[in-house]
2 protein chains.
Amino acid sequence: MERVEALKKIPLLSPLTDSQLSKIASISVEKLYPAGSVIFTPGESAEGFYVLKKGKVKIFKTQRGKEQIIKIFSEPAFFGEAASFTGGKFPAWAEAIEDSEVIFIPRSAFISIMKEDPDITLKLMSVMANRLLYLTNLIESLSLKNALSKVAAYILRNQNDGKLTFKTNLAALELGLTKETVSRMLSKLKSMGAIEKDGNVIKIKNLQLLREVE
Amino acid sequence: MERVEALKKIPLLSPLTDSQLSKIASISVEKLYPAGSVIFTPGESAEGFYVLKKGKVKIFKTQRGKEQIIKIFSEPAFFGEAASFTGGKFPAWAEAIEDSEVIFIPRSAFISIMKEDPDITLKLMSVMANRLLYLTNLIESLSLKNALSKVAAYILRNQNDGKLTFKTNLAALELGLTKETVSRMLSKLKSMGAIEKDGNVIKIKNLQLLREVE
DNA sequence: CGCATCTTTGAAACTTATCAATCAGAGTGG
DNA sequence: CCACTCTGATTGATAAGTTTCAAAGATGCG
């Protein structure tokens, strides 16, 4: 069954037996979200959580017309689990930033799985622990770093082999800055000789320097 | 046994049997931390987590001489569990802000308890889910609110019966502001008629107004 | 090629931080 | 009981960092 295969790709769920997975699959709901569409809104009751089978989703907060991205998920991943397990409401927005396929798993189904398979619970806990650490670091970055070091840290974090594709606007939303500021910091890093820019591809030229300003 | 009693006060641990608790108690280590002393430092290997039996502890990050409080714990509570369960290092500082008594529980002990008692695991998960939501809201506050609404939100959050004891310095560290700015915002709220101040006690005079600026 | 979109740059405005001085209150010791 | 000091809060002036607004440049796509 195709949905079972999708669930199996999620590291959290992969150790489940086929029968467990098909049980989940049978009561889960699959949905398509075109890029730009909203998956859930803050205040909405969290009756379950979401498995991202395909695509990319951003979780973000808004206030006074400003936006702060909390986290971007790429397939395979799951999200919305924290609100789901407290049994309360989602605290933030979830929006597809690419055409996405999502599987919704009702809380009750998953809790019964957790009760019969403690390893899954431990695994989920370790995922949540990692998310706590991630958010702790995000807080550090938002509160204690200046614009230049935020951008430097962003490049270091998202780089692959000394290179990365860079969307100014997206970076700005993640870093809690405006696109203009990000652009200026990029120019500064360029003039310092730390990076090189060609279109929307950034190449790290001086790793050590970048680490120093981070 | 006295330590068992202390452990029982932690909502997370209270459903455990006395034999489980005394097992934990027997391998845990109790320590006193005078106000101002450091409990753990970032980068330190997290071999377990901490139960706060008495006192008050702040978890915070530092960078370039600035400080951001992540969370303040008052007895009874536990902290350091996220890092402990990822098996990695603490991401932040923990410091007693009052004379504190702390029980250290090695990871291994607790994991074996979790394996034999799934309810504890679920409970711990729900605590971690709540902490995720808390941090999400902190991010929102740090990134999207201005100084005035941060202070207003702080008052609303910490008020009790329309009153609260206010330490400018502490609020500043939690809100990611300077004490001067906090003081100025307080004056502003006072001149708006939203609050009243007598020594370090703040009284809310106009709740609706306070909610509006939040 | 031309239009729409994103990026860069500049100037001004705004918010918050910094630095410095003063003030208020709580002990403390004479 | 009164200086005296210590700590924390307030206030003012100035500086720094970031945003905002506006315009000009690039880039990509139909």
Side-chain angles (χ1 to χ4, degrees), chain A residues 35-36 62-69 97-98 139-155 164-192 194-203 213-214, chain B residues 35-36 58 62-69 97-98 141-155 158 164-192 194-203 213-214:
Chain A
T62 51
Q63 204 159 107
R64 306 148 200 268
K66 286 165 98 184
E67 173 181 337
Q68 173 65 50
I69 292 182
I97 53 178
E98 289 176 6
I139 288 167
E140 175 182 23
S141 163
L142 288 173
S143 174
L144 302 177
K145 283 191 196 317
N146 61 23
L148 187 63
S149 65
K150 281 183 187 180
V151 173
Y154 183 90
I155 292 171
L164 76 156
T165 309
F166 194 95
K167 309 250 181 200
T168 310
N169 215 345
L170 189 60
L173 291 173
E174 290 193 61
L175 297 173
L177 299 171
T178 59
K179 51 192 185 329
E180 293 93 337
T181 299
V182 171
S183 172
R184 279 183 245 268
M185 296 304 129
L186 235 38
S187 306
K188 199 162 175 181
L189 289 173
K190 218 161 43 181
S191 74
M192 289 166 69
I195 61 169
E196 212 166 49
K197 196 168 178 246
D198 181 29
N200 58 1
V201 173
I202 285 179
K203 241 191 262 179
V213 303
E214 183 187 2
Chain B
K58 71 172 176 185
T62 52
Q63 204 160 107
R64 306 149 201 268
K66 287 165 96 184
E67 173 180 336
Q68 173 65 51
I69 293 182
I97 53 179
E98 290 176 4
S141 163
L142 289 173
S143 175
L144 301 176
K145 282 189 197 318
N146 60 24
L148 187 64
S149 65
K150 281 184 189 180
V151 173
Y154 182 91
I155 292 171
N158 294 98
L164 76 157
T165 310
F166 195 95
K167 309 251 181 200
T168 310
N169 216 338
L170 188 60
L173 291 172
E174 290 193 59
L175 297 173
L177 300 170
T178 60
K179 52 190 182 334
E180 291 93 338
T181 298
V182 172
S183 174
R184 279 183 245 269
M185 297 305 128
L186 233 39
S187 306
K188 200 164 177 181
L189 289 173
K190 219 163 39 182
S191 74
M192 289 166 69
I195 61 168
E196 211 167 49
K197 197 168 178 248
D198 179 30
N200 59 0
V201 173
I202 286 179
K203 240 192 263 178
V213 303
E214 184 186 1

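Letters A, B, ... are given to chains in the order of the sequence lines, protein chains preceding strands, and every chain is numbered from 1. The analysis underlying the following values was restricted to heavy atoms, covering all of them including side chains, and did not include hydrogens, waters or symmetry mates.
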Between C/dT16 (P) and B/Q68 (CD): distance, integer Å:
15 Å
Nearest heavy-atom neighbours spanning B/K150 and B/L142
NZ-O, 3.6 Å
Out of B/T181, B/I155, B/L148, which residue meets the side chain to side chain contact (heavy atoms under 4.5 Å, CB included) rule with B/L186?
B/I155
Neighbour count above 12 (heavy atom, 6.0 Å) for A/K167 NZ:
no
Give a yes or no answer on whether the side chain of A/Q68 reaches the backbone of A/E174 with a donor-acceptor pair at less than 3.5 Å.
yes
Provide, to the nearest angstrom, the distance between the CG atom belonging to B/L175 and the C1' atom belonging to C/dT15.
16 Å
On a heavy-atom basis, the closest approach of B/K66 and A/S143 is NZ-O, 4.0 Å
List the steps, then state whether side chain to side chain contact (heavy atoms under 4.5 Å, CB included) holds for B/I195 with B/F166.
CA-CA 12 Å; B/I195 61 168; B/F166 195 95; over 6 Å; no
Atom pair distance, as rounded to whole Å: CG in B/L170 and C1' in D/dG8
13 Å
For nucleotides 7-13 of chain C, tabulate all protein N/O to nucleotide N/O atom pairs closer than 3.5 Å, reporting atom names and distance.
unit_1 : atom_1 : unit_2 : atom_2 : d
C/dT7  : OP1    : A/T168 : N      : 3.4
C/dT7  : OP1    : A/T168 : OG1    : 3.2
C/dT8  : OP1    : A/K197 : NZ     : 2.5
C/dT8  : OP2    : A/S183 : OG     : 2.8
C/dT8  : O5'    : A/S183 : OG     : 3.2
C/dT9  : OP2    : A/S187 : OG     : 2.9
C/dG10 : N7     : A/R184 : NH1    : 3.0
C/dG10 : O6     : A/R184 : NH2    : 3.2

Could you tell me how far apart B/K150 (NZ) and C/dT16 (C1') are, to the nearest whole angstrom?
9 Å
Rounded to whole Å, CG of A/D198 lies from P of D/dA26 at a distance of 14 Å
B/K197 to B/K190 - nearest heavy-atom pair and separation:
CB-CD, 3.8 Å
Round to the nearest Å and state the distance from B/L142 atom CG to C/dT16 atom P.
13 Å
Taking A/K188's backbone N and O only, do any of them form a donor-acceptor pair with A/S191's side chain (distance below 3.5 Å, no angle check)?
yes
So which protein nitrogen or oxygen atoms get under 3.5 Å of nucleotides 1-5 of chain C's nitrogens or oxygens?
none

Apply side chain to side chain contact (heavy atoms under 4.5 Å, CB included) to the pair A/E180 and A/T168, showing each step before the final yes or no.
CA-CA 8 Å; A/E180 293 93 337; A/T168 310; over 6 Å; no
Whole-Å gap separating P (C/dT16) and CG (B/L148)
9 Å
Whole-Å gap separating P (D/dT18) and CG (B/L144)
17 Å
